[in-house]
Amino acid sequence: MDVQALTDRLDTLIHHHTGHHLDTLQIAIFQGVLQGHQYTDIAQTCHCTKGHIKDKAYSLWKLLTPLLGEPIKKTNLKAAIERSIIYTSPPPINPEKSIYISTLNLCPYPDPTATALHQAQTLAQITPSSYHTRAILKLHHHGLSPTAIADTLEIPPELVHTTLYQHTPLYPIDPAT
């Protein structure tokens, strides 16, 4: 995956978790470090001091640490990004005829089509945790419909239907509910 594609994926990840996008200097630092540049080189390119770049990079690494699930430093950035972003991407359905779909949303509001696409792509990866299973069954016991349960737990309706079918005797599969 090229540096720009990694930058786009990282920006999407950060936006999803924080509601903010990478700024120009953060992008320059991220791309510069991935390409093996020193802070001095990045500072010259961005017309600022090495100290400012180091401070901004430190803040960026602190931001990325919880998102990538490991302590991020300049020295492990590339490997951490590969582990987190590249290798956790869903595999193509047919590796011989891979189709990659991406979207660009310049609007601050989520694109419903992209959101639905993302949910469809991740549906195959989602398995109910014991927490989800207990929550689904409890909410169903209290009379919530499968759609209401899915909305409440922010999970795909198919996951609710599957869980109810597996754990509730005589649960009818009715996609309209």
TODO: Start with the C-alpha gap between Val160 and Thr147, add the side-chain angles, then the distance that decides, and say whether side-chain contact (heavy atoms from CB on, under 4.5 Å) holds.
DONE: CA-CA 8 Å; Val160 175; Thr147 304; over 6 Å; no

| message | Test side-chain contact (heavy atoms from CB on, under 4.5 Å) on Gln31 and Ile27; report intermediate values, then the result. | response | CA-CA 6 Å; Gln31 291 179 345; Ile27 291 171; 3.7 Å; yes

### Query
What do the steps show when you test His52 against Thr49 for side-chain contact (heavy atoms from CB on, under 4.5 Å), and what is the final call?
CA-CA 5 Å; His52 184 64; Thr49 65; 3.3 Å; yes

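Taken to the nearest 0.5 Å, the SG atom of Cys48 stands 9.5 Å off from the CD1 atom of Ile42. Here the straight-line distance linking atom OG1 of Thr40 with atom CD1 of Ile53 works out to 10.0 Å at 0.5 Å rounding. The CG atom of Leu34 sits 11.0 Å away from the CD atom of Gln4 when rounded to the nearest 0.5 Å. Distance CH2/Trp61 to CG/Leu63: 10.5 Å, rounded to 0.5 Å. If you take CG on Asp8 and CG on Leu22, they are separated by 9.5 Å, rounding to the nearest 0.5 Å. Interatomic distance, Leu25 CG to Phe30 CZ, rounded to the nearest 0.5 Å: 14.0 Å.
Heavy-atom minimum distance, His21 versus Asp11: ND1-OD2, 2.7 Å. Nearest heavy-atom pair, Asn76 versus Glu70, reported as atom, atom and distance to 0.1 Å: ND2-OE1, 3.8 Å. Pairing each heavy atom of Pro156 with each of Ala150, the nearest pair is C-CB, 4.2 Å. The shortest heavy-atom contact between Lys54 and Tyr39 is CG-CD1, 3.3 Å. Residues His140 and Ile149 share a closest heavy-atom pair of N-CD1, 3.6 Å. When every heavy atom of Leu164 is checked against every heavy atom of Pro146, the shortest pair comes out as CD1-CG, 4.0 Å.
A donor-acceptor pair is defined here as one N or O able to donate and one able to accept, closer than 3.5 Å; such a pair exists between the side chain of Thr65 and the backbone of Ile72. Of the possible donor and acceptor atoms, one in the side chain of Gln26 sits under 3.5 Å from a partner among the backbone N and O of Asp23.
Annotation for Lys74: atom NZ counts as buried by contact number, over 12 foreign heavy atoms lying within 6.0 Å. With a 6.0 Å radius and a threshold of 12 heavy atoms from other residues, nucleotides or ligands, His142 has its NE2 atom above the threshold.
Residues Leu64 and Leu13 fail the side-chain proximity criterion, which asks for heavy atoms closer than 4.5 Å. Contact of the Leu10 side chain with the Leu6 side chain is not registered, since no non-hydrogen atoms from C-beta on lie closer than 4.5 Å.
Note: the hydrophobic cluster containing Ile14 does not contain Tyr58 (ILVMFWY, side chain heavy atoms under 4.5 Å, direct or indirect links).
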